[in-house]
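Just so you know, these numbers come straight off a predicted model, no measurement behind them. So you know, we letter chains A, B, ... as the sequences are listed, proteins then strands, and number each from 1.
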There are 2 protein chains.
Amino acid sequence: MSATDVRKPILTKQRRAVFDVIQSSVDHLSAGEVFDRAKETLPGISFATVYNALRYLKENGMIGEVSLSGGPARFDRITTRHDHAICEACGKLVDMKLEIPGSLLKSAIDVSGFKPRSFELTLWGTCSQCV
Amino acid sequence: MSATDVRKPILTKQRRAVFDVIQSSVDHLSAGEVFDRAKETLPGISFATVYNALRYLKENGMIGEVSLSGGPARFDRITTRHDHAICEACGKLVDMKLEIPGSLLKSAIDVSGFKPRSFELTLWGTCSQCV
DNA sequence: TATTGATTTAGAATTAGTCTAATTATAGAA
DNA sequence: TTCTATAATTAGACTAATTCTAAATCAATA
């Protein structure tokens, strides 16, 4: 789907169930966790459909994805640009909305030579519970 | 191993082979790619040893790790703090050394409440070859 | 209603990474 | 040097995460 394609996403009942699971959770769920919760409303839903739905929703900008090292991908109900802090002790993932200076972004674009789509600052460290 | 532990890492010949593979590649190799190349100098090396060595070298600050969504972890010969640009079309990973303003880092620490260990700006977009 | 294309399903397959138990290598003590 | 303890390596089984396949179902529309 190209950037100029503005068709409204088709939400089947399976896709809606997956979407609702993500929207209703503050946490960043893995595909397995989404599957477990989606089954509560749609007991017959299959694992493959959850994966298909996650990909579809992501491609249509309805959910976000975060990948951490050493674990499954996690899905994010926030789709606007934002940042993450990751606790290396307990794995906690915290959303942050930081103001990234335009000059920093400009130098990233200049140095890489990339056409930018998005960007994110990630902070690794220890959360207040784990210190 | 704690931050105050300054013992010199023990480099067996397998660990050295793995280290050399990563040092001699500008690309960010996956564990599988490291295994293939390490076998060229050490034909008997096993997959498990490559994983063990990668973990050991990482814990001892001799290599870095980058995780992208939808793919295996990749290893990085650069161990000093730096940033990455990722091409969403071809998967290319480009190293960048950006000057992250202290004020930005401070607000990330304040917002998250984390004790920081490291941080990184990631830029997603399209590289010059893929535009 | 019949057709067509998209979606879902179950389960197999694949990929990435970890674990286990036996073997081998290494460093230090006797 | 030989013995002993510890650590590292190996092969292969295992687990977890994700993707693929082919058949069945569903939904829109001719």
Side-chain angles (χ1 to χ4, degrees), chain A residues 1 5 7-22 27-60 62-76 88 91 93, chain B residues 1 5 7-22 27-60 62-76 88 91 93:
Chain A
M1 177 174 265
D5 196 330
R7 265 179 308 213
K8 196 165 138 202
I10 296 160
L11 283 195
T12 62
K13 67 180 197 294
Q14 288 87 350
R15 287 174 186 165
R16 170 154 298 283
V18 167
F19 181 67
D20 289 348
V21 163
I22 290 165
D27 294 337
H28 299 76
L29 305 177
S30 66
E33 289 163 345
V34 172
F35 177 53
D36 291 341
R37 298 194 188 187
K39 269 193 297 195
E40 290 168 14
T41 46
L42 229 48
I45 196 168
S46 79
F47 218 93
T49 298
V50 169
Y51 272 98
N52 288 342
L54 290 169
R55 176 158 29 84
Y56 183 88
L57 295 169
K58 187 160 53 102
E59 283 173 1
N60 285 279
M62 298 179 69
I63 62 174
E65 182 182 349
V66 198
S67 72
L68 329 176
S69 62
R74 304 198 155 268
F75 296 88
D76 198 331
E88 294 173 317
L93 187 54
Chain B
M1 177 172 271
D5 195 329
R7 265 179 309 213
K8 194 165 137 205
I10 296 160
L11 284 194
T12 62
K13 66 179 196 293
Q14 289 84 354
R15 287 174 186 165
R16 170 153 299 283
V18 167
F19 181 67
D20 289 347
V21 164
I22 290 164
D27 295 336
H28 299 76
L29 305 176
S30 66
E33 289 163 345
V34 172
F35 177 52
D36 291 340
R37 298 194 188 189
K39 269 193 297 194
E40 290 169 13
T41 47
L42 231 48
I45 196 168
S46 80
F47 216 90
T49 298
V50 169
Y51 272 100
N52 289 342
L54 289 168
R55 177 158 28 83
Y56 183 88
L57 295 170
K58 185 161 54 103
E59 282 171 2
N60 285 279
M62 298 179 67
I63 61 173
E65 182 182 349
V66 198
S67 70
L68 328 177
S69 62
R74 303 197 156 269
F75 297 88
D76 199 330
E88 294 172 319
L93 187 54

Would you mind reading off the distance between [X] atom [atom1] and [N] atom [atom2], rounded to a whole angstrom?
X     : N      : atom1 : atom2 : answer
A/F35 : C/dT8  : CZ    : P     : 14 Å
A/L54 : C/dT7  : CG    : P     : 15 Å
B/L11 : C/dA25 : CG    : C1'   : 16 Å
A/R55 : D/dT19 : CZ    : C1'   : 8 Å
A/K13 : D/dC26 : NZ    : P     : 7 Å
B/I10 : C/dT26 : CD1   : P     : 12 Å
A/R16 : D/dA27 : CZ    : P     : 15 Å
A/K8  : C/dA6  : NZ    : C1'   : 18 Å

Restricting to side chain to side chain contact (heavy atoms under 4.5 Å, CB included), what partner residues turn up for [X], sequence neighbours left out?
X     : answer
B/E33 : B/L29, B/S30, B/R74
B/F35 : B/K39, B/I45, B/F47, B/V50
B/S67 : A/S67, A/S69

Exercise. Carefully, step by step, assess B/Y56 and B/R15 under the rule side chain to side chain contact (heavy atoms under 4.5 Å, CB included).
Key: CA-CA 8 Å; B/Y56 183 88; B/R15 287 174 186 165; 3.4 Å; yes
Dump the pairs, protein N or O against N or O of nucleotides 10-17 of chain C, anything under 3.5 Å, distances to one decimal.
residue : atom : partner : partner atom : Å
C/dG17  : OP1  : B/A73   : N            : 3.0
C/dG17  : OP2  : B/Y51   : OH           : 2.9
C/dG17  : O5'  : B/Y51   : OH           : 3.3

Quiz item: Partners of A/D36 by salt bridge (Lys or Arg N to Asp or Glu O under 4.0 Å), sequence neighbours excluded?
Solution: none
For [X] against [Y], the heavy-atom pair lying closest together:
X     : Y     : result
A/D76 : A/I22 : C-CG2, 4.0 Å
A/F19 : A/M62 : CE1-O, 3.4 Å
B/A31 : B/F75 : N-CE1, 4.1 Å

Quiz prompt | C/dA6 phosphate, OP1 or OP2, under 4.0 Å from A/T12 side-chain N/O | solution = no
Quiz item: According to a strict under-4.0 Å criterion, is B/Q14 in side-chain N/O contact with OP1 or OP2 of C/dA25?
Solution: no
Practice problem: Note the angle between the end axes of the helix from C/dT1-D/dA30 to C/dA30-D/dT1, five pairs defining each, rounded to 10 degrees. | Solution: 10°
Quiz item: Are any of the side-chain heavy atoms of B/V18 and B/L42 separated by less than 4.5 Å?
Solution: no
